[in-house]
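Throughout, protein chains are lettered first and strands after them, A, B, ... in sequence-line order, and every chain is numbered starting at 1. All values derive from a computational prediction rather than experimental measurement.
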Amino acid sequence: MPETIRPKSDFLAVLAERGFLHQCSDLARLDAKAKSGDLVGYIGFDCTAPSLHVGSLIQIMMLRWLQKTGGKPVALIGGGTTRVGDPSGKDESRKLLNEKTIEANKAGIQRTFARFLRFGAGKTDAIMPDNSEWLLGLNYIDFLREVGRHFSVNRMLTMDSVKLRLDRDQELSFLEFNYMCLQAYDFVELHKRYGVNLQMGGSDQWGNIVIGIDLGRRMGTAQLYGLTSPLLATASGAKMGKTAQGAVWLDADMLSVYDYWQYWRNAEDGDVGRFLKLFTELPLAEIARLEALRDLEINEAKKILATEATALLHGRAAAEQAAETARRTFEEGALAETLPSVDIPRRDFAAGFGVLAAFVRAGLVGSTGEARRQIKGGGLKVNDAPVEDERATLTEADFVNGFIKLSLGKKRHVLLRPED
RNA sequence: GGGGGAGUGUCCCGAGCGGCAAAGGGGGCGGACUGUAAAUCCGCUGGCUAUGCCUUCGUAGGUUCGAGUCCUACCUCCCCCA
């Protein structure tokens with residue numbers, strides 16, 4: 001459907017040609033709105049973790065493009081909804097996060113946004129409100145009378161997210177059912193407070209967004225718009241953002257710049273073009289050239305993807321350093337002292353540091369048992385030599401240029417750094 | 001309210017005559033092959049101070065030399081009837 005209309009606004013043109021568009025509530029009028037330059041778009045983010053991960057990157061990029069094409073981006077933090085706890089996590093005893101944790105998480109997430117968006121008080125400067133500002137003070141009866149009467153249960157029952165659960169006889173709690181109401185209310189409230197007129201999100205948010213638009217109409221706001229991005233999966237169908245080591249975090253404290261670079265470097269061939277369009281700002285002509293590369297040559301495109309995507313998040317210098325670290329490690333087989341490292345007190349090596357414990361400490365394996373198994377399978381190396389004996393120990397004699405290099409498989413490396 | 005069924009390795013799905021660290025998948029990790037890719041093949045996929053010890057099958061008790069397996073109560077979910 002995006003192909004049928006040629007957007008006239010820069011914003012929608014960019015989204016369409018770079019592959020961000022999935023659904024849109026009223027493409028033509030939204031296009032006109034964007035062209036007139038008073039588009040204020042928001043996307044909601046949870047703050048259940050101290051950092052966002054790659055799964056949110058596509059949304060962040062949409063906000064970034066919005067700002068770059070003359071709109072105002074609003075990154076809504078779900079401080080209020082986080083306090084309730086996302087009920088979709090099955091029977092997983094939803095841990096209620098305390099206020100302090102939520103505040104800390106917010107701070108972490110804000111750091112990431114500051115990389116992609118320009119915050120401030122100007123017309124197109126980004127803002128980051130928190131829905132706890134209006135949700136926590138809600139009075140149930142008042143809410144029902146003023147807002148609740150505008151929700152049509154008939155309509156809500158036809159929403160995919162609801163229908164799916166009902167059809168499969170899966171429980172849908174009242175709390176969950178209300179989740180979309182709160183989100184719809186957020187939209188209207190953001191419109192009143194900040195003039196927000198567009199909500200964006202992943203395709204799974206479509207229903208919630210539409211309900212918000214409806215609510216706005218019934219409550220007499222100006223016309224609101226909705227737009228979703230496609231659900232991202234890798235070419236072989238896996239969900240994005242999860243790797244062996246867990247989520248691909250955007251905060252450098254939770255995932256090193258080097259590992260972030262590696263994540264993109266290891267993209268599948270079939271994903272390179274799409275990822276370049278979504279997660280870098282290279283011109284489309286350049287991307288077309290890169291994605292046409294085949295076989296060995298596509299590795300060059302992957303390196304560019306990794307460096308460009310990393311540069312957006314961590315800065316050009318850090319990205320180039322990660323690229324250089326990878327080059328030394330993989331292409332020269334040399335020891336790059338810029339690999340991720342772990343500090344170990346020097347005295348631990350005096351009596352010999354057990355290899356099993358060393359790999360656990362480096363975070364490459366989760367337990368000594370796993371280390372043992374990996375040794376059996378030939379997966380662990382110390383200074384590039386396979387570990388044969390699980391009882392081996394590391395001593396001062398093993399230091400090469402001041403480090404001991406531990407490897408899991410061919411790709412994951414960590415340096416042990418003695419600490420006095 | 002009555003009747004019937006189900007909850008299994010804390011990633012998921014799922015088998016399990018009283019001897020079980022528990023079949024089989026998926027996913028993940030490692031190895032081989034490659035290009036730090038995909039596909040394919042092989043191995044691994046509770047913890048530890050490790051020829052042994054500890055902890056796991058919804059929860060709590062009980063029977064037994066021994067319980068995921070039998071009994072009792074409870075919790076949660078599903079189906080049928082009212």
Enquirer: Determine which pairs satisfy side chain to side chain donor-acceptor pair (under 3.5 Å) with at least one residue from residues 362-383 of chain A, sequence neighbours left out, and list them in order.
Expert: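 Found A:Arg372-A:Glu390.
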
Enquirer: Taking atom C1' in both B:rU69 and B:rC20, compute the distance separating them and give it to the nearest angstrom.
Expert: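 My reading of the C1' atoms in B:rU69 and B:rC20 gives 10 Å.
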
Enquirer: Could you tell me how far apart A:Lys411 (NZ) and B:rG30 (P) are, to the nearest whole angstrom?
Expert: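 The answer, rounded to whole Å, is 8 Å.
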
Enquirer: Would you check if the side chain of A:Gln59 reaches a backbone N or O of A:Ser56 as a donor-acceptor pair within less than 3.5 Å?
Expert: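 Checked: no pair found.
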
Enquirer: So, are A:Arg294 and A:Asp269 salt-bridged, with charged N and O less than 4.0 Å apart?
Expert: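 No, A:Arg294 and A:Asp269 are not salt-bridged.
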
Enquirer: I'd like the C1' distance from B:rU40 over to B:rA6, given in whole Å.
Expert: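 So the two C1' atoms sit 39 Å from each other.
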
Enquirer: Between B:rA50 and B:rC42, how far is it from one P atom to the other, in whole Å?
Expert: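 Looking at atom P only, B:rA50 and B:rC42 are 34 Å apart.
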
Enquirer: Does one side chain, of A:His22 or A:Thr228, offer a donor that lies under 3.5 Å from an acceptor on the other?
Expert: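 No, because no side-chain N or O of A:His22 sits under 3.5 Å from a partner of the opposite role on A:Thr228.
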
Enquirer: Would you list the pairs meeting ring-ring contact (aromatic ring centres under 6.0 Å, His included) in which at least one residue belongs to residues 99-118 of chain A, sequence neighbours left out?
Expert: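 As it turns out, the ring-ring contact (aromatic ring centres under 6.0 Å, His included) pairs with a partner in residues 99-118 of chain A, which skip direct neighbours, are A:Phe45-A:Phe113.
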
Enquirer: Please determine whether a side-chain nitrogen of the Lys or Arg among A:Glu332 and A:Arg327 lies less than 4.0 Å from a carboxylate oxygen of the Asp or Glu.
Expert: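 Yes.
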
Enquirer: Answer with yes or no whether A:Gln262 presents, from its side chain, a donor or acceptor under 3.5 Å of a partner atom in the base of B:rU36.
Expert: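 Yes, a donor-acceptor pair under 3.5 Å.
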
Enquirer: Determine the Euclidean distance between corresponding P atoms of B:rC78 and B:rU72; express it in Å to zero decimal places.
Expert: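 Pairwise P distance, B:rU72 against B:rC78, rounds to 24 Å.
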
Enquirer: Between B:rG46 and B:rG24, how far apart are the two P atoms, rounded to whole Å?
Expert: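 One P to the other, the span is 12 Å.
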
Enquirer: Reading RNA chain B from 5' onward, which residue's closest nucleotide shows up sooner: A:Thr368 or A:Gly409?
Expert: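 Nearest-nucleotide comparison on RNA chain B picks A:Gly409.
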
Enquirer: Enumerate the residues from residues 370-381 of chain A whose closest heavy atom to RNA chain B is under 4.0 Å, giving them by residue number; use none for an empty result.
Expert: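 Within residues 370-381 of chain A, the residues near RNA chain B are A:Arg372, A:Arg373, A:Gln374, A:Gly377, A:Gly378, A:Gly379.
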
Enquirer: Rounded to the Å, how far apart are A:Phe359 CZ and B:rG30 P?
Expert: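 Computing the A:Phe359:CZ to B:rG30:P distance gives 13 Å.
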
Enquirer: How many Å lie between CG on A:Asp259 and P on B:rU36, as a whole number?
Expert: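 Between P of B:rU36 and CG of A:Asp259: 18 Å.
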
Enquirer: Of the nucleotides B:rG47, B:rA37, B:rG30, which has the atom closest to the A:Leu408 side chain?
Expert: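 Selected nucleotide: B:rG30.
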
Enquirer: Write out all pairs satisfying side chain to side chain donor-acceptor pair (under 3.5 Å) with one or both partners inside residues 307-316 of chain A, taking only residues at least two apart or from two chains.
Expert: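 For residues 307-316 of chain A: A:Trp261-A:Thr307, A:Glu308-A:Arg316.
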
Enquirer: Assign A:Ala267 to base, sugar-phosphate, or nothing according to its heavy-atom contacts below 4.0 angstrom with the strands shown.
Expert: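 Touches sugar-phosphate only.
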
Enquirer: Say you pick atom C1' in B:rU8 and the same atom in B:rG25; how far apart are they, in whole Å?
Expert: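 Each nucleotide's C1' atom is 15 Å from the other's.
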
Enquirer: Would you say the side-chain atoms of A:Asp31 pair up with the backbone N or O of A:Ser9, donor to acceptor, closer than 3.5 Å?
Expert: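 Flag set: sc A:Asp31 to bb A:Ser9 pair under 3.5 Å.
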
Enquirer: Could you give the side-chain donor-acceptor pairs of residues 65-72 of chain A under 3.5 Å, partners two or more places apart or in another chain?
Expert:
unit_1	atom_1	unit_2	atom_2	d
A:Gln67	OE1	A:Arg118	N	2.9
A:Gln67	NE2	A:Arg118	O	2.9
A:Gln67	NE2	A:Thr124	O	2.8
A:Lys68	NZ	A:Glu281	OE1	3.0
A:Thr69	OG1	A:Trp65	O	2.8
A:Thr69	OG1	A:Leu66	O	3.2
A:Lys72	NZ	A:Gly122	O	3.2
A:Lys72	NZ	A:Asp125	O	2.9

Enquirer: Find the distance A:Leu293:CG to B:rA38:P and express it as a whole number of Å.
Expert: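 Going from A:Leu293 (CG) to B:rA38 (P), I get 18 Å.
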
Enquirer: P atom, B:rA22 versus B:rG28: distance in rounded Å?
Expert: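 It comes out at 25 Å once rounded to the nearest Å.
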
Enquirer: Which residues in residues 295-311 of chain A have a heavy atom closer than 4.0 Å to any atom of RNA chain B?
Expert: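 Going residue by residue through residues 295-311 of chain A, the ones with a heavy atom under 4.0 Å of RNA chain B turn out to be A:Asp295, A:Leu296, A:Ile298, A:Asn299, A:Lys302.
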
Enquirer: Between B:rC70 and B:rG5, how far apart are the two P atoms, rounded to whole Å?
Expert: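 Their P atoms lie roughly 13 Å apart.
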
Enquirer: Please pick, from B:rU34, B:rA37, B:rC48, the nucleotide with the shortest atom-to-atom distance to any side-chain atom of A:Lys410.
Expert: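 Taking heavy atoms from C-beta onward, the closest nucleotide is B:rU34.
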
Enquirer: Whether A:Arg274 and A:Glu291 form a salt bridge (side-chain N of Lys/Arg under 4.0 Å from carboxylate O of Asp/Glu) is what I want to check.
Expert: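 No, no charged N to carboxylate O under 4.0 Å.
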
Enquirer: Can you check B:rC20 for me, syn or anti if syn means within 90° of 0?
Expert: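 Base orientation relative to the sugar is syn.
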
